Amino acid sequence: MIQINNISKSFKGRNIVSDISFTFETGKTNMIIGESGSGKTTLIRCMVGLNDPDSGDVLFDGRAFYELDFMGKKEIRKDIGMLFQGGALFDSQTVEQNVVFPLSMLTNLSESEKRDRANFCLKRVNLNNANKLYPSELSGGMKKRVAIARAIAVQPKYLFCDEPNSGLDPKTAIVIDNLIKEITEEYMITTIVITHDMNSVIEIGEKIMFIYKGEKWWEGSKEEILQTENKEVCDFVYATKFMKTLKSKFQ
Amino acid sequence: MNIFFHFGRYFLLMKRAFGKPEKISIYRDRVFEEMYILGVGSLGIVAIISVFIGAVITIQSAFSFSNPLVPIYAVGVAMRDSMILEFAPTIVSLILAGKIGSSIASEIGTMRVSEQIDALEIMGINSAGFLILPKIIAAVFFNPILTIFSMFLGILGGYIFGLMAGVVTDYEYIYGITYQFIPYDVTYALIKSAVFAFIMASVPAYHGYYTRGGALEVGQSSTKGVVYSFILILAFDLILTQLLLV
């Protein structure tokens, strides 16, 4: 479980995230949604320590991240897996080397154990026969799957996904979404997904937080979000013609 | 005030870069990898430039020393001192700062804008240490080797082309390059080259590491890294000459 308490962050005097508190539950796909520029990525960066918040704290299973020293933070980070928007795969390494990398740096496994674990993770994300390929030779969906394999290689307790299906076709996006959900339930991970894709929310969202202009505007389940009367949430959820049609049919 | 901000941030980055490595064996492998990329990969350009500059210095010196009171072997003396004291350590470092510096700044800058450095941090890895330290160690170890290589090839180039041009004889050239030779000059050159190597690896790494934005900013970081390396190398050339020779 990850708990955030009164997180605020500003850049050059401009408030990006204002006083957000929320609890992300274990074994569930927690989602942070909101328009572009609403502060979702900044919030997640504050949660993993890539940006220090101006105020507030993040509790990883009760361990207050910002009260820890450098080594304490490092220990928590070893439990974190993160899927970046662009994949953030190391260009100079093959797919297998990318997945083996965190194992080499953070564990004392033998070469064969590392390779076995990497192959297991790659198989888990349905990537076979891609071990020797370089990131530049992969499609967008494959890159995301390698990034997931790398993120789960060290068996993290917390998985952060920053717009995991951006730039993907709808079919591949669903594959990635379902993969995240399956992994979350299988390994009982606390997963946090940032997205502005409502298909994703409906597909895998279990606990949802809507951020508007840097503030937590709404929280609830995916069933609740489809029925809420909150204007800003409705503007976001029913922004597309598809969702509007769905709503009218639903009503 | 901006300069103090950059100095402060540079020293903090270096402090992080020299932090305890997570896995010594992986860092050691990365040092060898960087030695190959930065050092072995620069042998060709250093060889070509050194041979030609050696030849040019010899021929130019011979024409400058046309006064009958100046002995011909002075060409060898001038050639040796120019190569050992200045060309091999400083000019080669400036050339390498252009080649290696832009490569380091753009590599680390691209890793920054494509979130690869964030990925390292999330894994609990000291990204500054992992990316910068092996490059600095490789450069500091390999640049003195390149400097000796440059001295040797420069003097050889001067010898071959001096004889071919007929401006100096075999005996006079060899007598000149050995005349009143001070071994400390080589030590001085090697100390300079090690300091310049630190600058040419760390300054572009600093600019790459703090790149913000996209492709345009990566290019700007690369340019800044090279320009500031040049300025610092020349400044330290003056400081070290004052400290070590005067």
Side-chain angles (χ1 to χ4, degrees), chain A residues 11-12 41 44-45 47-52 65 68 70-93 97-109 111 114 135-136 143 146-148 150-154 156 158-163, chain B residues 5 9 12-13 15-34 36-38 41 103-104 106-135 138 208-215 218:
Chain A
F11 289 108
K12 293 177 182 171
T41 301
I44 212 174
R45 288 177 71 87
M47 288 175 70
V48 296
L50 288 174
N51 289 132
D52 289 346
F65 186 76
L68 295 169
F70 178 75
M71 289 310 289
K73 283 180 184 166
K74 205 170 168 176
E75 281 307 308
I76 288 189
R77 278 177 167 166
K78 285 178 184 173
D79 291 333
I80 296 175
M82 185 152 177
L83 172 59
F84 288 89
Q85 205 170 342
L89 299 177
F90 304 124
D91 301 324
S92 57
Q93 298 181 353
Q97 286 167 340
N98 262 284
V99 183
V100 163
F101 181 78
L103 298 168
S104 300
M105 293 300 286
L106 306 172
T107 69
N108 291 316
L109 297 176
E111 286 302 315
K114 281 187 274 187
S136 57
K143 278 184 191 167
V146 177
I148 294 174
R150 186 176 68 180
I152 62 169
V154 284
Y158 318 104
L159 180 64
F160 291 81
C161 307
D162 188 3
E163 303 200 9
Chain B
F5 168 76
R9 201 166 62 161
L12 286 175
L13 180 68
K15 191 182 160 199
R16 278 189 60 204
F18 282 88
K20 190 173 171 255
E22 284 83 12
K23 279 275 176 78
I24 298 279
S25 58
I26 291 177
Y27 273 60
R28 188 193 56 218
D29 292 349
R30 280 199 31 84
V31 168
F32 285 122
E33 206 176 292
E34 294 294 345
Y36 185 78
I37 298 167
L38 305 179
S103 146
I104 291 175
S106 52
E107 180 194 331
I108 297 179
T110 305
M111 288 186 78
R112 167 63 74 193
V113 299
S114 61
E115 298 179 310
Q116 292 176 47
I117 292 181
D118 290 341
L120 286 171
E121 290 289 332
I122 292 291
M123 288 175 202
I125 294 162
N126 173 6
S127 61
F130 182 76
L131 295 174
I132 301 172
L133 185 61
K135 290 184 196 299
Y209 194 82
Y210 288 110
T211 303
R212 290 279 178 275
V218 171

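Remember, predicted model here, so these are calculated numbers, not experimental data. Chain identifiers are assigned alphabetically (A, B, ...) following the order of the sequence lines, protein sequences preceding nucleic acid strands; residue numbering begins at 1 within each chain.
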* Structure fact -> Ranking A:D91, A:V48, A:I76 by heavy-atom pairs under 4.5 Å to chain B gives rank one to A:D91
* So which of B:I117, B:L120, B:T110 has the biggest tally of heavy-atom pairs under 4.5 Å with chain A? -> B:L120
* Asked: Counting heavy-atom pairs under 4.5 Å to chain B, which of A:E75, A:Q85, A:R150, A:K78 comes out on top?
  -> A:R150
* B:G124 backbone acceptor or donor facing A:K73 side chain under 3.5 Å -> no
* Atom CG of A:L103 and atom CE of B:M123: how far apart are they, to the nearest 0.5 Å? -> 9.5 Å
* Asked: If you count heavy-atom pairs under 4.5 Å between each of B:N126, B:I26, B:I125, B:D118 and chain A, which one has the most?
  -> B:D118
* Structure fact -> So, the part of A:F101 with a heavy atom under 4.5 Å from chain B: the answer is side chain
* Asked: In Å, rounded to the nearest 0.5 Å, how long is the span from CG of A:L89 to CD of B:Q116?
  -> 8.0 Å
* To do: Working to the nearest 0.5 Å, report the span between CD of B:E121 and CZ of A:R45.
  => 10.0 Å
* To do: Select, from A:S104, A:G49, A:A151, the one with the greatest count of heavy-atom pairs under 4.5 Å involving chain B.
  => A:S104
* Asked: So do the side chains of B:I122 and A:F84 get within less than 4.5 Å of each other, counting heavy atoms only?
  -> yes
* Is a salt bridge present between B:E22 and A:K74, judged by a nitrogen-to-oxygen distance below 4.0 Å? -> yes
* To do: Answer yes or no: are there more than 12 heavy-atom neighbours, outside A:F11 itself, under 6.0 Å from its atom CZ?
  => yes
* To do: Count the heavy-atom pairs under 4.5 Å between each of A:V154, A:I80, A:L50 and chain B, then report the option with the highest count.
  => A:L50
* To do: Report the distance from atom CE of B:M111 to atom CZ of A:F90, rounding to the nearest 0.5 Å.
  => 5.5 Å
